[in-house]
There are 2 protein chains.
Amino acid sequence: MMTGTRTEGGSGATAEHEWEQQLHSHDRRVTKQRLAVLAAVARSQHSTAEAITAAIRAELPSITVQSIYVVLADLTRLGMLRRIEPPNSPARYETRTGDNHHHAICTSCGRIEDVDCAVGHAPCLTPELDAGATIGHIIIADVLYQGTCSACAATANEPLTVKPDEVGPSH
Amino acid sequence: MMTGTRTEGGSGATAEHEWEQQLHSHDRRVTKQRLAVLAAVARSQHSTAEAITAAIRAELPSITVQSIYVVLADLTRLGMLRRIEPPNSPARYETRTGDNHHHAICTSCGRIEDVDCAVGHAPCLTPELDAGATIGHIIIADVLYQGTCSACAATANEPLTVKPDEVGPSH
DNA sequence: ACCCTTATTGTGAATTACTCAGAATAAGTG
DNA sequence: CACTTATTCTGAGTAATTCACAATAAGGGT
């Protein structure tokens, strides 16, 4: 198993096996829906539930949006997916989990990019919370950078003319 | 004008005059609805549209939720309010604008606090965007710290048991 | 002080993103 | 292969927000 050629290009089958193992280790059954969701998100990072549904329906036409939501929520809970909620956009999902990375979003076209923390992990986790702060135990720090991507800067688009989700997934 | 005593405690009338001036300078009419929204947000930072509506109705019972939304959106566009969108919560609004400050949210009770950037303004604005990034012109960097506040840590609440908006506004 | 223009608010319906309850299906186990 | 139960599907429901259009009122002109 997993020797020889594969039907599809990319990192398809390799990742698929890892996903199956991870699902098993979380006491989850391996279903084509779950694998399809993982594959769709992997193929198109930062995509919305709607985009994921559309992508999956190409090969699994009977899948419903509700199932997508259930699967996405569950996989996120397991840590196999990460959910991000950009302003003025439905939630988006990505397969890059576990590392502490942030996001940059173009306020003009909605493009989203991964951004590694500038100085490792620590700096964003030690703000001056001492000053009258009651929230002491910081677990995660999410940074959302907003600006304009070079494409939009070139086209001189006005900010926020296009809604983020009218544009396809990023990367 | 603005001398002597004021009817209400706090920074009521002073702020009100500033608001009127700001509204005028933005070619907006000074309406009691707008002033009421500004006052409600000022009084209770990080509150939701629903909470703002409830607060305002105490003295302006005929106001509608839709108007609140319109006013909030407009004042946010003008920069007189700032909108924050915490995960698993409706949008929240605050009067502290213009400065680059961030937020810490308690994942247990939903309490939100302002957090000043640890090293002034610059550090969060210069991530390593060079590495293959197309989003070059960063305008703002929002940092969202998530953790547990001391109260929740003491009560040993499980994270996310309570939805953020089941709790009153913070501060 | 009053009128008139038009921004603003109110009314009512619609939309988006998502969730829930229960029936049908299929993954994995013996 | 059968059986148990997680998973998915069906269909309805909800929360947050937006839209279109009618009613109202702010502020400038006279």
Side-chain angles (χ1 to χ4, degrees), chain A residues 16 19-38 47-54 56-57 60-78 80-81 83-93 110 160 163-166, chain B residues 16 19-38 40 47-54 56-57 59-78 80-81 83-93 110 160 163-166:
Chain A
E16 204 156 297
W19 291 330
E20 293 185 15
Q21 290 177 2
Q22 287 187 61
L23 286 172
H24 276 134
S25 71
H26 284 293
D27 287 312
R28 293 297 189 281
R29 295 180 181 172
V30 176
T31 65
K32 44 188 166 211
Q33 288 88 340
R34 280 205 251 251
L35 292 176
V37 165
L38 285 165
S47 47
T48 64
E50 196 191 7
I52 294 165
T53 308
I56 292 181
R57 284 210 169 125
L60 202 61
S62 58
I63 202 167
T64 62
V65 200
Q66 288 85 338
S67 301
I68 305 271
Y69 276 111
V70 171
V71 169
L72 286 172
D74 190 51
L75 293 178
T76 302
R77 217 175 306 122
L78 297 182
M80 294 181 66
L81 290 180
R83 173 194 174 106
I84 56 183
E85 302 190 33
N88 309 316
S89 161
R92 286 155 186 277
Y93 296 86
L160 280 170
K163 282 187 168 179
D165 52 310
E166 288 174 4
Chain B
E16 204 157 296
W19 292 331
E20 293 186 16
Q21 290 178 2
Q22 287 188 60
L23 286 172
H24 276 134
S25 72
H26 284 294
D27 288 312
R28 293 298 191 280
R29 294 179 182 173
V30 176
T31 66
K32 43 189 167 209
Q33 287 87 341
R34 281 206 251 250
L35 291 177
V37 166
L38 285 164
S47 48
T48 64
E50 196 190 8
I52 294 165
T53 307
I56 291 182
R57 283 208 170 128
E59 41 186 314
L60 203 60
S62 57
I63 203 167
T64 60
V65 200
Q66 289 83 341
S67 301
I68 304 271
Y69 276 109
V70 171
V71 168
L72 286 172
D74 190 50
L75 293 178
T76 302
R77 218 176 304 122
L78 298 181
M80 293 181 66
L81 290 180
R83 173 193 175 108
I84 56 183
E85 300 189 35
N88 309 317
S89 161
R92 285 156 185 276
Y93 296 85
L160 279 171
K163 282 189 167 178
D165 52 311
E166 287 174 6

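Lettering follows sequence order; numbering is per chain, from 1.
- For the pair A:L75 and A:L23, the tightest heavy-atom approach, listed with the atom from each and the gap, is CD2-CD2, 3.9 Å.
- Separation of atoms CG (A:L60) and OG1 (A:T31) is listed at 9.0 Å; rounding is to 0.5 Å.
- In this structure, CG of A:L23 is placed 10 Å from P of D:dT8, rounded to the nearest angstrom.
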Report all interatomic pairs (protein N or O, nucleotide N or O of nucleotides 10-12 of chain D) with separations under 3.5 Å.
from	atom 1	to	atom 2	distance (Å)
D:dG11	O6	A:Q66	NE2	3.4

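- Using a 4.0 Å heavy-atom criterion, one finds that B:V65 contacts no nucleic acid atom at all.
- In this structure, CZ of A:R57 is placed 11 Å from C1' of D:dC9, rounded to the nearest angstrom.
- Residue B:H24 has no polar side-chain atom (N or O) positioned under 4.0 Å from OP1 or OP2 of D:dA26.
- A:V71 comes within 4.0 angstrom of the backbone, heavy atoms only, and of no base.
- Between the CG atom of A:L75 and the P atom of D:dT8 there is a distance of 9 Å, given to the nearest Å.
- Remark: the backbone N or O of B:R29 is paired with a side-chain donor or acceptor of B:R34 at under 3.5 angstrom.
- Between the CG atom of A:L35 and the P atom of C:dA27 there is a distance of 11 Å, rounded to whole Å.
- Note on B:R28: every side-chain N or O is 4.0 Å or more away from OP1 and OP2 of C:dT6.
- Look at CD on A:E50: it is 17 Å from C1' on C:dT19, rounded to the nearest Å.
- You'll find that the side chain of A:P90 is closest to C:dC18, out of D:dA26, D:dA6, C:dC18.
- Between B:K32 and B:A73, the residue anchored nearer the 5' end of DNA chain D, judged by the nucleotide with its closest heavy atom, is B:A73.
- Between A:L78 atom CG and D:dA6 atom P there is a gap of 15 Å when expressed in whole angstrom units.
- Residue A:Y69 has no polar side-chain atom (N or O) positioned under 4.0 Å from OP1 or OP2 of C:dT19.
- Summarising the geometry, atom OH belonging to B:Y93 is positioned 12.5 Å from atom CG belonging to B:L38; distances are rounded to the nearest 0.5 Å.
- When the side-chain nitrogen and oxygen atoms of A:R29 are compared with OP1 and OP2 of D:dT5, none of them lie within a distance under 4.0 Å.
- In this structure, A:Q33 and A:I63 approach most closely via the heavy-atom pair CG-CD1, 3.6 Å.
- One can place CD of A:Q33 at 13 Å from P of C:dT25, the figure rounded to the nearest angstrom.
- Atoms CD (B:E85) and P (C:dA17) sit 12 Å apart, rounded to a whole Å.
- The CD atom of B:E85 sits 5.5 Å away from the CG atom of A:N88 when rounded to the nearest 0.5 Å.
- Residue A:A91 is classed as a sugar-phosphate contact, given heavy-atom separations below 4.0 Å to backbone atoms only.
- In terms of heavy atoms, B:H26 sits closest to B:R28 at O-NH1, 2.9 Å.
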